[in-house]
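This report concerns only the one structure given below.
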There are 2 protein chains.
Amino acid sequence: MARISAPHTIDQVAAPSCCGSLTDAALTTAQAESLAHAFAALADPVRLRLLSLIATSAGGEVCACDVVEPLGKSQPTVSHHLKVLREAGLVTADKRGIWMWYRAVPERIAELRGALA
Amino acid sequence: MARISAPHTIDQVAAPSCCGSLTDAALTTAQAESLAHAFAALADPVRLRLLSLIATSAGGEVCACDVVEPLGKSQPTVSHHLKVLREAGLVTADKRGIWMWYRAVPERIAELRGALA
DNA sequence: CTACGATATCGACATCGGTCAATATACATC
DNA sequence: GATGTATATTGACCGATGTCGATATCGTAG
(Lines give C-alpha, C1' and ligand atoms only; values in the text may rest on other atoms or scores of the structure.)
Protein backbone atom coordinates (compact mmCIF):
# COMPACT_ATOMS: atom_id res chain seq x y z
CA MET A 1 0.00 0.00 0.00
CA ALA A 2 2.86 2.31 0.76
CA ARG A 3 3.69 3.82 -2.55
CA ILE A 4 6.94 5.51 -3.41
CA SER A 5 6.27 8.84 -5.02
CA ALA A 6 7.30 9.06 -8.63
CA PRO A 7 8.24 12.55 -9.72
CA HIS A 8 6.73 12.32 -13.18
CA THR A 9 3.50 10.47 -12.64
CA ILE A 10 0.38 12.40 -12.03
CA ASP A 11 -0.61 12.04 -8.45
CA GLN A 12 -3.75 10.19 -7.60
CA VAL A 13 -4.32 10.76 -3.95
CA ALA A 14 -7.26 8.92 -2.50
CA ALA A 15 -9.54 11.83 -3.33
CA PRO A 16 -11.82 10.91 -6.22
CA SER A 17 -12.85 14.36 -7.39
CA CYS A 18 -9.80 16.24 -6.42
CA CYS A 19 -9.99 19.62 -4.83
CA GLY A 20 -11.11 22.48 -6.91
CA SER A 21 -10.61 26.05 -5.82
CA LEU A 22 -12.74 28.43 -3.84
CA THR A 23 -12.34 31.31 -6.24
CA ASP A 24 -12.33 29.23 -9.39
CA ALA A 25 -15.87 27.93 -9.63
CA ALA A 26 -18.60 26.89 -7.24
CA LEU A 27 -17.56 23.67 -5.56
CA THR A 28 -19.51 20.52 -6.20
CA THR A 29 -20.84 18.62 -3.23
CA ALA A 30 -18.21 15.92 -3.70
CA GLN A 31 -15.38 18.44 -3.92
CA ALA A 32 -16.66 20.24 -0.84
CA GLU A 33 -16.88 17.04 1.18
CA SER A 34 -13.38 15.99 0.21
CA LEU A 35 -11.93 19.38 1.03
CA ALA A 36 -13.86 19.64 4.27
CA HIS A 37 -12.44 16.30 5.40
CA ALA A 38 -8.94 17.53 4.66
CA PHE A 39 -9.39 20.86 6.41
CA ALA A 40 -10.93 19.05 9.39
CA ALA A 41 -7.55 17.41 9.88
CA LEU A 42 -6.09 20.89 10.27
CA ALA A 43 -8.87 22.09 12.57
CA ASP A 44 -7.18 20.94 15.75
CA PRO A 45 -4.34 22.78 17.51
CA VAL A 46 -2.61 19.57 18.56
CA ARG A 47 -2.55 18.28 15.00
CA LEU A 48 -1.28 21.62 13.68
CA ARG A 49 1.57 21.64 16.17
CA LEU A 50 2.20 18.00 15.38
CA LEU A 51 2.33 18.67 11.65
CA SER A 52 4.58 21.68 12.11
CA LEU A 53 6.89 19.62 14.30
CA ILE A 54 7.16 17.04 11.54
CA ALA A 55 7.41 19.51 8.67
CA THR A 56 10.11 21.60 10.29
CA SER A 57 12.19 18.76 11.69
CA ALA A 58 15.76 18.37 10.61
CA GLY A 59 15.91 15.52 8.13
CA GLY A 60 12.23 15.89 7.37
CA GLU A 61 11.12 13.13 9.67
CA VAL A 62 10.46 12.58 13.33
CA CYS A 63 10.04 9.57 15.55
CA ALA A 64 6.67 9.28 17.22
CA CYS A 65 8.50 8.81 20.48
CA ASP A 66 9.84 12.35 20.21
CA VAL A 67 6.56 14.20 19.78
CA VAL A 68 4.55 12.90 22.70
CA GLU A 69 6.31 14.94 25.31
CA PRO A 70 6.42 18.35 23.54
CA LEU A 71 2.71 18.09 22.79
CA GLY A 72 1.77 17.50 26.40
CA LYS A 73 -0.79 14.87 25.50
CA SER A 74 -0.99 11.20 26.30
CA GLN A 75 0.59 8.67 23.97
CA PRO A 76 -2.78 7.26 22.78
CA THR A 77 -4.01 10.77 22.04
CA VAL A 78 -0.94 11.60 19.97
CA SER A 79 -1.25 8.28 18.17
CA HIS A 80 -4.85 9.13 17.37
CA HIS A 81 -3.92 12.51 15.93
CA LEU A 82 -1.15 10.97 13.87
CA LYS A 83 -3.68 8.58 12.42
CA VAL A 84 -5.97 11.45 11.46
CA LEU A 85 -3.09 13.24 9.74
CA ARG A 86 -2.16 10.02 7.96
CA GLU A 87 -5.74 9.41 6.78
CA ALA A 88 -5.84 12.96 5.48
CA GLY A 89 -2.73 12.28 3.45
CA LEU A 90 -0.81 15.02 5.22
CA VAL A 91 1.84 12.70 6.65
CA THR A 92 3.23 9.27 5.86
CA ALA A 93 4.46 6.71 8.35
CA ASP A 94 7.47 4.45 8.07
CA LYS A 95 8.22 1.80 10.65
CA ARG A 96 11.90 1.17 11.17
CA GLY A 97 12.67 -1.20 13.97
CA ILE A 98 10.63 -0.34 16.98
CA TRP A 99 10.08 3.24 15.97
CA MET A 100 7.61 4.89 13.64
CA TRP A 101 9.00 7.74 11.58
CA TYR A 102 6.64 10.34 10.22
CA ARG A 103 7.19 12.61 7.26
CA ALA A 104 5.07 15.47 5.93
CA VAL A 105 3.60 15.26 2.44
CA PRO A 106 4.26 18.68 0.90
CA GLU A 107 2.30 17.84 -2.25
CA ARG A 108 -0.81 17.26 -0.18
CA ILE A 109 -0.29 20.49 1.73
CA ALA A 110 0.14 22.26 -1.60
CA GLU A 111 -3.15 20.79 -2.77
CA LEU A 112 -4.96 22.36 0.13
CA ARG A 113 -3.11 25.60 -0.43
CA GLY A 114 -4.31 25.51 -4.02
CA ALA A 115 -7.88 25.14 -2.82
CA LEU A 116 -7.50 28.52 -1.11
CA ALA A 117 -6.40 30.22 -4.32
CA MET B 1 -15.29 48.82 -2.13
CA ALA B 2 -13.34 51.58 -0.46
CA ARG B 3 -14.99 51.11 2.84
CA ILE B 4 -14.23 53.15 5.87
CA SER B 5 -14.03 50.82 8.82
CA ALA B 6 -16.96 51.44 11.06
CA PRO B 7 -16.32 50.98 14.79
CA HIS B 8 -19.37 48.79 15.22
CA THR B 9 -18.64 46.24 12.52
CA ILE B 10 -19.16 42.64 13.44
CA ASP B 11 -15.87 41.07 12.49
CA GLN B 12 -13.45 39.96 15.13
CA VAL B 13 -10.75 37.33 15.60
CA ALA B 14 -8.31 40.04 14.74
CA ALA B 15 -5.44 37.81 13.62
CA PRO B 16 -2.99 40.29 12.17
CA SER B 17 -0.41 39.16 9.63
CA CYS B 18 0.66 36.63 12.17
CA CYS B 19 -0.40 33.04 12.22
CA GLY B 20 2.89 31.48 11.31
CA SER B 21 3.51 28.77 8.76
CA LEU B 22 3.64 25.01 9.01
CA THR B 23 6.97 24.68 7.29
CA ASP B 24 8.51 27.79 8.76
CA ALA B 25 8.94 26.94 12.42
CA ALA B 26 7.15 24.88 15.01
CA LEU B 27 3.88 26.57 15.84
CA THR B 28 3.28 27.97 19.28
CA THR B 29 0.20 26.87 21.16
CA ALA B 30 -1.42 30.23 20.56
CA GLN B 31 -0.69 30.19 16.85
CA ALA B 32 -1.98 26.64 16.57
CA GLU B 33 -5.22 27.49 18.34
CA SER B 34 -5.80 30.52 16.17
CA LEU B 35 -5.13 28.60 12.99
CA ALA B 36 -7.20 25.63 14.11
CA HIS B 37 -10.15 27.92 14.71
CA ALA B 38 -9.79 29.33 11.22
CA PHE B 39 -9.44 25.96 9.53
CA ALA B 40 -12.44 24.70 11.49
CA ALA B 41 -14.51 27.23 9.57
CA LEU B 42 -13.43 25.46 6.38
CA ALA B 43 -14.00 21.98 7.78
CA ASP B 44 -17.62 21.77 6.70
CA PRO B 45 -18.82 21.03 3.16
CA VAL B 46 -21.77 23.40 3.42
CA ARG B 47 -19.53 26.29 4.43
CA LEU B 48 -17.06 25.51 1.66
CA ARG B 49 -19.80 25.53 -0.95
CA LEU B 50 -21.18 28.67 0.65
CA LEU B 51 -17.82 30.41 0.51
CA SER B 52 -17.22 29.33 -3.07
CA LEU B 53 -20.66 30.59 -4.03
CA ILE B 54 -19.79 33.97 -2.56
CA ALA B 55 -16.24 34.11 -3.87
CA THR B 56 -17.17 33.20 -7.43
CA SER B 57 -20.31 35.29 -7.67
CA ALA B 58 -20.54 37.96 -10.32
CA GLY B 59 -20.03 41.32 -8.63
CA GLY B 60 -18.28 39.66 -5.73
CA GLU B 61 -21.29 39.59 -3.48
CA VAL B 62 -24.40 37.53 -2.97
CA CYS B 63 -27.66 38.03 -1.16
CA ALA B 64 -28.33 35.56 1.62
CA CYS B 65 -31.69 34.94 0.07
CA ASP B 66 -30.01 33.46 -2.99
CA VAL B 67 -27.86 30.84 -1.28
CA VAL B 68 -30.41 29.03 0.85
CA GLU B 69 -31.95 27.11 -2.01
CA PRO B 70 -28.77 25.95 -3.82
CA LEU B 71 -27.34 24.66 -0.54
CA GLY B 72 -30.38 22.54 0.22
CA LYS B 73 -30.34 23.48 3.89
CA SER B 74 -32.83 25.31 6.04
CA GLN B 75 -32.60 29.08 6.36
CA PRO B 76 -31.49 28.96 10.03
CA THR B 77 -28.77 26.48 9.15
CA VAL B 78 -27.43 28.65 6.36
CA SER B 79 -27.57 31.68 8.64
CA HIS B 80 -25.57 29.75 11.22
CA HIS B 81 -22.90 28.85 8.68
CA LEU B 82 -22.70 32.42 7.45
CA LYS B 83 -22.11 33.51 11.02
CA VAL B 84 -19.26 31.03 11.39
CA LEU B 85 -17.66 32.29 8.19
CA ARG B 86 -18.08 35.87 9.41
CA GLU B 87 -16.52 35.12 12.79
CA ALA B 88 -13.61 33.48 11.01
CA GLY B 89 -13.11 36.66 9.01
CA LEU B 90 -13.64 34.85 5.73
CA VAL B 91 -16.67 36.90 4.71
CA THR B 92 -18.14 40.27 5.56
CA ALA B 93 -21.80 41.16 5.71
CA ASP B 94 -23.49 44.31 4.51
CA LYS B 95 -27.15 44.97 5.12
CA ARG B 96 -28.89 46.91 2.41
CA GLY B 97 -32.60 47.27 2.88
CA ILE B 98 -34.09 43.93 3.78
CA TRP B 99 -31.27 41.92 2.30
CA MET B 100 -27.88 40.92 3.63
CA TRP B 101 -25.08 40.93 1.09
CA TYR B 102 -22.03 38.83 1.73
CA ARG B 103 -18.57 39.28 0.28
CA ALA B 104 -15.48 37.12 0.56
CA VAL B 105 -12.33 38.47 2.23
CA PRO B 106 -9.48 37.43 -0.08
CA GLU B 107 -6.82 38.76 2.31
CA ARG B 108 -8.05 36.41 5.02
CA ILE B 109 -8.09 33.48 2.63
CA ALA B 110 -4.55 34.40 1.61
CA GLU B 111 -3.52 34.37 5.25
CA LEU B 112 -4.65 30.79 5.64
CA ARG B 113 -2.99 29.90 2.35
CA GLY B 114 0.20 31.36 3.73
CA ALA B 115 -0.05 29.11 6.77
CA LEU B 116 0.15 26.15 4.40
CA ALA B 117 3.35 27.40 2.84
C1' DC C 1 10.87 -18.56 24.35
C1' DT C 2 10.46 -14.72 27.54
C1' DA C 3 10.68 -10.03 28.71
C1' DC C 4 10.61 -5.25 27.64
C1' DG C 5 9.79 -0.96 25.17
C1' DA C 6 7.17 1.54 21.34
C1' DT C 7 3.01 2.09 19.12
C1' DA C 8 -1.81 1.16 18.06
C1' DT C 9 -6.46 -0.03 19.41
C1' DC C 10 -10.42 -0.26 22.57
C1' DG C 11 -13.93 1.49 25.76
C1' DA C 12 -15.83 5.14 28.10
C1' DC C 13 -16.66 9.80 29.01
C1' DA C 14 -17.46 14.73 28.15
C1' DT C 15 -17.77 18.24 24.95
C1' DC C 16 -18.49 20.21 20.48
C1' DG C 17 -21.00 21.00 16.29
C1' DG C 18 -24.64 20.59 12.48
C1' DT C 19 -29.40 20.49 11.95
C1' DC C 20 -34.18 21.92 12.20
C1' DA C 21 -38.73 23.93 14.05
C1' DA C 22 -40.23 27.69 16.44
C1' DT C 23 -39.63 32.27 17.53
C1' DA C 24 -37.65 36.90 17.59
C1' DT C 25 -35.88 40.96 15.30
C1' DA C 26 -35.26 44.33 11.54
C1' DC C 27 -36.95 46.67 7.56
C1' DA C 28 -40.12 48.16 3.92
C1' DT C 29 -44.78 49.05 2.48
C1' DC C 30 -49.42 50.08 3.06
C1' DG D 1 -49.84 52.11 13.43
C1' DA D 2 -50.41 46.98 11.01
C1' DT D 3 -48.74 43.56 7.78
C1' DG D 4 -45.48 40.91 5.13
C1' DT D 5 -40.75 39.51 4.12
C1' DA D 6 -35.79 38.58 5.11
C1' DT D 7 -32.61 37.34 8.45
C1' DA D 8 -30.99 36.11 13.08
C1' DT D 9 -31.52 33.74 17.45
C1' DT D 10 -33.17 30.12 20.55
C1' DG D 11 -33.76 25.46 22.17
C1' DA D 12 -33.39 20.81 21.53
C1' DC D 13 -31.66 16.61 19.46
C1' DC D 14 -27.99 13.67 18.12
C1' DG D 15 -23.94 12.25 15.87
C1' DA D 16 -18.97 13.43 15.68
C1' DT D 17 -14.72 14.18 18.10
C1' DG D 18 -10.85 14.90 21.70
C1' DT D 19 -9.26 12.82 25.70
C1' DC D 20 -7.47 9.29 28.77
C1' DG D 21 -6.76 4.62 31.09
C1' DA D 22 -6.39 -0.04 30.05
C1' DT D 23 -5.05 -3.34 26.91
C1' DA D 24 -3.44 -5.44 22.60
C1' DT D 25 0.08 -5.80 18.96
C1' DC D 26 4.59 -5.56 17.11
C1' DG D 27 9.63 -5.80 17.08
C1' DT D 28 13.87 -6.29 19.45
C1' DA D 29 17.04 -7.93 22.93
C1' DG D 30 18.42 -11.23 26.26
Side-chain angles (χ1 to χ4, degrees), chain A residues 1-2 27 29 32-51 53-54 61-88 90-103, chain B residues 6 8-13 29 32-51 53-54 61-88 90-103:
Chain A
M1 191 91 60
L27 295 173
T29 302
E33 296 212 3
S34 174
L35 274 178
H37 188 266
F39 281 125
L42 299 174
D44 183 273
V46 176
R47 284 196 291 272
L48 283 177
R49 292 177 57 205
L50 192 43
L51 184 55
L53 279 176
I54 298 174
E61 59 183 1
V62 294
C63 173
C65 56
D66 289 329
V67 292
V68 172
E69 187 224 313
L71 290 178
K73 298 294 176 180
S74 72
Q75 178 269 323
T77 296
V78 174
S79 183
H80 161 70
H81 285 307
L82 283 169
K83 183 179 183 180
V84 174
L85 289 176
R86 233 185 315 143
E87 291 177 344
L90 290 165
V91 302
T92 56
D94 180 23
K95 188 161 198 174
R96 291 203 293 274
I98 302 181
W99 298 278
M100 282 288 274
W101 294 87
Y102 285 87
R103 283 173 283 131
Chain B
H8 58 282
T9 41
I10 310 177
D11 47 34
Q12 60 273 0
V13 186
T29 302
E33 297 212 3
S34 173
L35 273 179
H37 188 265
F39 281 126
L42 299 175
D44 182 274
V46 176
R47 283 196 291 271
L48 284 176
R49 292 176 58 204
L50 193 43
L51 184 55
L53 279 176
I54 299 174
E61 58 183 2
V62 294
C63 173
C65 57
D66 288 329
V67 292
V68 172
E69 186 223 313
L71 289 178
K73 298 293 177 183
S74 71
Q75 177 269 323
T77 295
V78 174
S79 183
H80 162 70
H81 287 305
L82 283 169
K83 183 179 182 180
V84 174
L85 289 176
R86 235 186 313 148
E87 290 177 345
L90 291 164
V91 303
T92 56
D94 180 23
K95 189 162 196 173
R96 292 203 292 274
I98 302 181
W99 298 277
M100 282 289 271
W101 294 87
Y102 284 89
R103 283 172 286 131

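Numbered from 1 within each chain, the chains take letters A, B, ... in sequence-line order.
- Side-chain atoms of B:Lys83 and B:Ser79, non-hydrogen and from C-beta on, never get closer than 4.5 Å to each other.
- With sequence neighbours left out, the salt bridge (charged side-chain N to carboxylate O under 4.0 Å, His left out) criterion links A:Asp94 to A:Arg96.
- Atom NE2 in B:His37 sits 13.0 Å away from atom CG in A:Asp44 (nearest 0.5 Å).
- B:Thr29 meets the side chain to side chain donor-acceptor pair (under 3.5 Å) test with no other residue; sequence neighbours excluded.
- The two residues A:Arg49 and A:Pro70 have their closest heavy-atom pair at NH2-O, 3.0 Å.
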Using atom names, set out every protein N or O paired with an N or O of nucleotides 1-6 of chain D below 3.5 Å, distance rounded to 0.1 Å.
none

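- For the pair B:Thr77 and B:Val46, the minimum side-chain heavy-atom distance is 4.5 Å or more.
- Using a 4.0 Å cutoff on non-hydrogen atoms, the parts of residues 71-79 of chain B near DNA chain C are B:Lys73, B:Ser74, B:Pro76, B:Thr77, ordered by number.
- For the atom pair OG1 (A:Thr92) and CD1 (A:Ile54), the distance works out to 9.0 Å, reported to the nearest 0.5 Å.
- Taking the side chain as every heavy atom from C-beta outward, A:Leu53 and A:Leu71 approach each other to under 4.5 Å.
- Extent of DNA chain C lying under 4.0 Å from chain A heavy atoms, first and last nucleotide in 5' to 3' order, is C:dA6 to C:dT9.
- A distance of 13.5 Å separates CZ of A:Arg47 from CG of B:Leu35, quoted to the nearest 0.5 Å.
- Of the inter-residue distances, the one linking A:Tyr102 atom OH with A:Leu51 atom CG reads 13.0 Å to the nearest 0.5 angstrom.
- Note: A:Ser34 OG to A:Phe39 CZ = 10.0 Å, rounded to the nearest 0.5 Å.
- Between A:Leu50 and A:Leu85 the shortest side-chain heavy-atom distance falls below 4.5 Å.
- Using a 4.5 Å cut-off on side-chain heavy atoms (C-beta onward), A:Leu42 and A:Leu90 make contact.
- The stretch residues 38-50 of chain B touches DNA chain C through B:Asp44, B:Val46, B:Arg47, each having a heavy atom under 4.0 angstrom from the strand.
- Taking atom NE2 on B:His80 and atom P on D:dG11, their separation rounds to 16 Å, with Å as the unit.
- Map A:His81 and A:Arg96 each onto its nearest nucleotide of DNA chain D; the residue landing nearer the 5' end is A:His81.
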